[in-house]
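Please read the structure below before turning to the comments.
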Number of protein chains: 2
Amino acid sequence: MKTVYNIIIADDHKMFVDGLRSILEHEDDLNIVHTTSNGEEVLKYLKINQNEQIDLLITDINMPGMDGIALNKNIKKEFFGIKTLVISMLEDGAKIKTLTENEVNGYLSKNAEQKELLKAIRQILAGENYFSTHIQSILVQAMTNSRKTSEVRLTQREKEVLQLIAKEHTTQEIADILFLSKHTIESYRKNLINKLEVRNLAGLTRYAIEHKMI
Amino acid sequence: MKTVYNIIIADDHKMFVDGLRSILEHEDDLNIVHTTSNGEEVLKYLKINQNEQIDLLITDINMPGMDGIALNKNIKKEFFGIKTLVISMLEDGAKIKTLTENEVNGYLSKNAEQKELLKAIRQILAGENYFSTHIQSILVQAMTNSRKTSEVRLTQREKEVLQLIAKEHTTQEIADILFLSKHTIESYRKNLINKLEVRNLAGLTRYAIEHKMI
DNA sequence: CTTAAAAACCCTGAATTCAGGGAGTTTTTC
DNA sequence: GAAAAACTCCCTGAATTCAGGGTTTTTAAG
């Protein structure tokens, strides 16, 4: 008697779920027991069906309501023995990094081939992690990037000023808002431009937005 | 003898293509003749296989290289009798609007059900257009919005300049890049500030990022 | 208590942006 | 073919930013 692994899929893109299903249904050892379109439903299902051993969760990152990141965190906290494979279209280094830090067992891009998908699933079920070479390189980049750029730790005041700059306030206005001299604000702007290695307001604004400061 | 419709699919997310295929292969009258992962390949295929009548193109919007919008435009210009159904995960009113203006025959979200997909395909093949009520409401919103706020339609040149501004280039640099006088770029910057109702570089940059121009 | 970092402030001068105009040419649209 | 929109270029002058130097005071850490 062969071992059959139980799989849950969470993705709000139904056609994608169909794609997964059509691939997995040809595999005798892989059994899709449930599919949902958001994170909450997965947790609900797991709680109700505690007697059923689930081996693998395949989830998207972006979903309405609880997303893949939060879902994975909750599952690793509350349940045991459930591996997680994240499949997403986005290839955002920072997000993937937080996933690996949260013990996700694998990550695939949605443009992966069937072959790679099955390889990832089998590898994860065997107890290993799976991150494609492509994803690995993105991860490495994100790591080195964070060493480079976030070496620049901004002080609270600098963040305040940066936010106001990004909100289109002039130096004088920021000075008025923070009850400081405009010279002070000019110093901050100058330091920010140096620290963040940008050239002008546009660069500061981009940094602020990219780091979700506004 | 039944009529069989020939379909081409363009989407870089292979698993999604598999999902589509698994749905469509159960339909006797729908025949997938080719799948590609970008727009260029579709055009290449169509040019080589001119004798083969293609009835429907199913395409994503976001693809590496030529995207769905450009692809549809090219197809409507160069080939006849090919309907287009766009399936995308994004629900950006402005983009959908440009699609309808470019004679796309239908639009579906990637979280649509099988049922709706087949309904859309059949309706389009029968000569009608298909836009789900959900999409229609987004469209209406985009229209009314565009009357309110985004009456600001930027020209191609304006977009180019805006992009370069947001990338921290100075006026002189942009002038050099576009082979224009710096006075011209100054005019563009001024007009952009007026049109977009912002105050400075920071505002322009924010607009550019919020509208995904960089 | 000492030292370092952060926060606040000041100065000069060049470069750039911003705001307000005008004006000619080409391209699109009706 | 006329009208509108887009594209290009130019001018002036004020405001602001940018780049390079500073100083002093407060706060945090060893």
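Bear in mind the structure is a predicted one, so any value in this text is a computation, not a measurement.
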Exercise. To the nearest angstrom, how far is Gln156(A) atom CD from dA28(D) atom C1'?
Worked result: 15 Å
For this session: For Ile193(A) and for Thr155(B), locate the closest nucleotide of DNA chain D by heavy-atom distance; then report the residue assigned to the nucleotide nearer the 5' terminus.
Result: Thr155(B)
For this session: Evaluate the side chain to side chain donor-acceptor pair (under 3.5 Å) criterion for residues Asn38(B) and Lys44(B): first the C-alpha distance (whole Å), next the side-chain angles of each, then the deciding distance (0.1 Å), finally the verdict.
Result: CA-CA 11 Å; Asn38(B) 64 63; Lys44(B) 206 190 292 173; over 6 Å; no
Problem set entry | Whole angstrom value for the distance that separates P of dA6(D) from CG of Asn194(B) | 15 Å
For this session: For Phe179(B) and dT8(D), give me the distance from atom CZ to atom P, rounded to whole Å.
Result: 13 Å
Exercise. Atom NZ of Lys182(B) and atom P of dC10(D): how far apart are they, to the nearest Å?
Worked result: 11 Å
Exercise. If each of Leu180(A) and Val198(B) is mapped to the nucleotide of DNA chain C with the nearest heavy atom, which maps nearer the 5' terminus, i.e. the 5' end?
Worked result: Leu180(A)
For this session: Decide, yes or no, whether a salt bridge links Lys83(A) with Glu128(A) under the criterion of side-chain N to carboxylate O below 4.0 Å.
Result: no
Exercise. So among Leu24(B), Val33(B), Asp55(B), which one has a side chain to side chain contact (heavy atoms under 4.5 Å, CB included) with Ile7(B)?
Worked result: Leu24(B)
Seminar exercise, completed: Note: chain B reaches DNA chain C at heavy-atom distances under 4.0 Å over the stretch, first to last nt, 5' to 3', of dT17(C) to dG21(C)
Problem set entry | Integer-rounded Å distance: dC9(D) C1' and Ile185(B) CD1 | 11 Å
Problem set entry | Ring-face cation of Lys110(B) near Phe16(B) (centre distance under 6.0 Å, axis angle within 45°) | yes
Exercise. If you look at every strand shown and take non-hydrogen atoms under 4.0 Å, does Gln172(A) touch a base, only sugar-phosphate, or nothing?
Worked result: nothing
Exercise. Does one side chain, of Arg189(A) or Thr171(A), offer a donor that lies under 3.5 Å from an acceptor on the other?
Worked result: yes
Exercise. Quick one: do Arg199(A) and Glu173(B) make a salt bridge, cutoff under 4.0 Å?
Worked result: yes
For this session: Would you indicate, yes or no, if dC9(D) has its OP1 or OP2 atom less than 4.0 angstrom from a side-chain nitrogen or oxygen of Thr184(B)?
Result: yes
Seminar exercise, completed: Here the distance between atom C1' of dG21(D) and atom NZ of Lys190(A), to the nearest Å, is 7 Å
Exercise. Does Glu160(B) come within less than 4.0 Å of Arg157(B), counting only side-chain N to carboxylate O?
Worked result: yes
Exercise. Below 4.0 angstrom from OP1 or OP2 of dT8(D), is there any side-chain N or O of Tyr188(B)?
Worked result: yes
Exercise. Rounded to the nearest Å, what distance is computed from the CZ atom of residue Arg189(A) to the P atom of nucleotide dG20(D)?
Worked result: 14 Å
Exercise. With nearest nucleotides of DNA chain D determined for His183(B) and Glu158(B) from heavy-atom distances, which residue corresponds to the more 5′ nucleotide?
Worked result: Glu158(B)
